[in-house]
Number of protein chains: 2
Amino acid sequence: MGASAALKSRPSAEPDGAEAMLRVALSLFLEQGYHGASMRDIAQRAGVSVSAAYHYFPSKADMLRTIMVRVTEDLIADLEAARDGAGPDPAARLAAIVRAHVLLHTRRQDESFIGNSELRSLSLVDRRKVVALRDRVGQVFKDVVAEGCRRRVFSQPYAAETVRAILTMCTAVAGWYRANGPDRPETIAERYAELALRLVGAGRGEEGHTR
Amino acid sequence: MGASAALKSRPSAEPDGAEAMLRVALSLFLEQGYHGASMRDIAQRAGVSVSAAYHYFPSKADMLRTIMVRVTEDLIADLEAARDGAGPDPAARLAAIVRAHVLLHTRRQDESFIGNSELRSLSLVDRRKVVALRDRVGQVFKDVVAEGCRRRVFSQPYAAETVRAILTMCTAVAGWYRANGPDRPETIAERYAELALRLVGAGRGEEGHTR
DNA sequence: GCGAACTTAACGAACGTTCGCATGGGATGG
DNA sequence: CCATCCCATGCGAACGTTCGTTAAGTTCGC
């Protein structure tokens, strides 16, 4: 706070009150659901009064929308970067986006879980926006798998079901991953990449596990 | 129950008051979440007064518990029947329980979805009970996959991750299945059985698709 | 007239949100 | 240099509404 006195005109990325409130709101939405968590709970756990919370966010709904939009936009950015950084090979691309998806869903597990489970708590207009973002996530996977099928490096007859299976399998990671569990995020990401390749019928031979 | 002549106290055609209320509660929990749905909503959509609802269930929490316990117990019964009816071959057993799992998650989609998403809304004691039931579901899959690995008809190194992937992939069906979509439940079940076999590394040759 | 089904009306608590006010450091003007 | 205003920050109290639940009474087939 003291050091950044000159920067107060631009409230960009700093661990300020709003960010702290978002973190608290996130953990409460996670524990009790959006409707189950009250503004009084959030304010109390953040160590401020109820009305102080309304200085940072105009409403409770705005907190949820902020959380969901942000994590979904970051997911899209991660996926596109992973895909473009993996070269043109569809198998490498699929492995890369699965890794990126799993990594984000472990490293930012709580946001990801809320992003997947509280769609119904959004207002109609917010829901449309988040659904559109989620569609873009699915499209990245669809395109990669479709390209692999076209080039015949993937062999499976039901592309739509398979994409859905991969996507839901990767998404569910946010539901069961535990940071103090036996596996590191990178390990899980690597294994899920292999599982995804099995699902699309690629890599029947041994995949070189560069690690 | 068939001789329901004694129950025609009201001409409104309802098979059973409690069962109808459960159905309404289920659909509202689905749309708005447990905390988002009020007893007034439920009673109104069921066509009774608020207090009449309390003649059938002692509390709102009791409705949720009833829904979740019932569908999970039925799932366990379906899984065990499918497993035992499939003979001793681990691949046939895995395919059978995946089919059964997917079928129940499409045919009783709403209950299944609530059973997977509203655990956090249960009281502590109810949650423990449902978690125990869900553990039994997972155990059925674990046992079948472990047996397949022991007999070397499944080839994959990460049994725990793979079981979790299969389970979450099958569970997520309740989230996206649409009854008026292009695929019938049986079709989806068959494809998911094949996907599961791919995940465990079984059936490298062509599976006979008896259909 | 008994009990199950169902009603109206209300209880106290908790909800999201708003109001009026206090504080205190940084910019502004004389 | 000091008085001034600004405004982000923060508070306690209250707004009107809705919450889950209950009490007391009514209807009606048996």
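Here is the naming used below: chain letters follow the sequence lines, and residue numbers restart at 1 for every chain. Keep in mind the model is a prediction, meaning the values are calculated, not measured.
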Checking side-chain hydrogen bond (donor to acceptor under 3.5 Å, both in side chains) for the pair A:S38/A:D41: CA distance, chi angles, key distance, verdict?
-> CA-CA 5 Å; A:S38 73; A:D41 293 340; 3.2 Å; yes

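- Residues B:Y34 and A:H35 place their aromatic rings such that the two centres sit no closer than 6.0 Å.
- Atom CG in A:L28 sits roughly 11 Å away from atom P in C:dC15 (whole-Å rounding).
- Remark: the A:S51 side chain and the D:dC11 base include a donor-acceptor N/O pair separated by less than 3.5 Å.
- Per the geometry, OH belonging to A:Y54 stands 17 Å off P belonging to C:dG20, to the nearest Å.
- Between the C1' atom of D:dT26 and the NE2 atom of B:H55 lies a distance of 11 Å, rounded to the nearest Å.
- One can place NZ of A:K60 at 15 Å from P of C:dA14, the figure rounded to the nearest angstrom.
- Residue A:Y56 has its side chain nearest to D:dT9 when only C:dT17, D:dT9, C:dT7 are considered.
- DNA chain D lies under 4.0 Å from at least one heavy atom of each of the following residues of residues 34-46 of chain A: A:R40.
- Nearest-nucleotide positions on DNA chain C place B:V50 closer to the 5' end than the other of B:V50 and A:A61.
- A donor and an acceptor atom, one from each side chain of A:Q139 and A:D143, are located under 3.5 Å apart.
- In this model, a donor atom of one side chain and an acceptor atom of the other lie less than 3.5 Å apart for A:S121 and A:E118.
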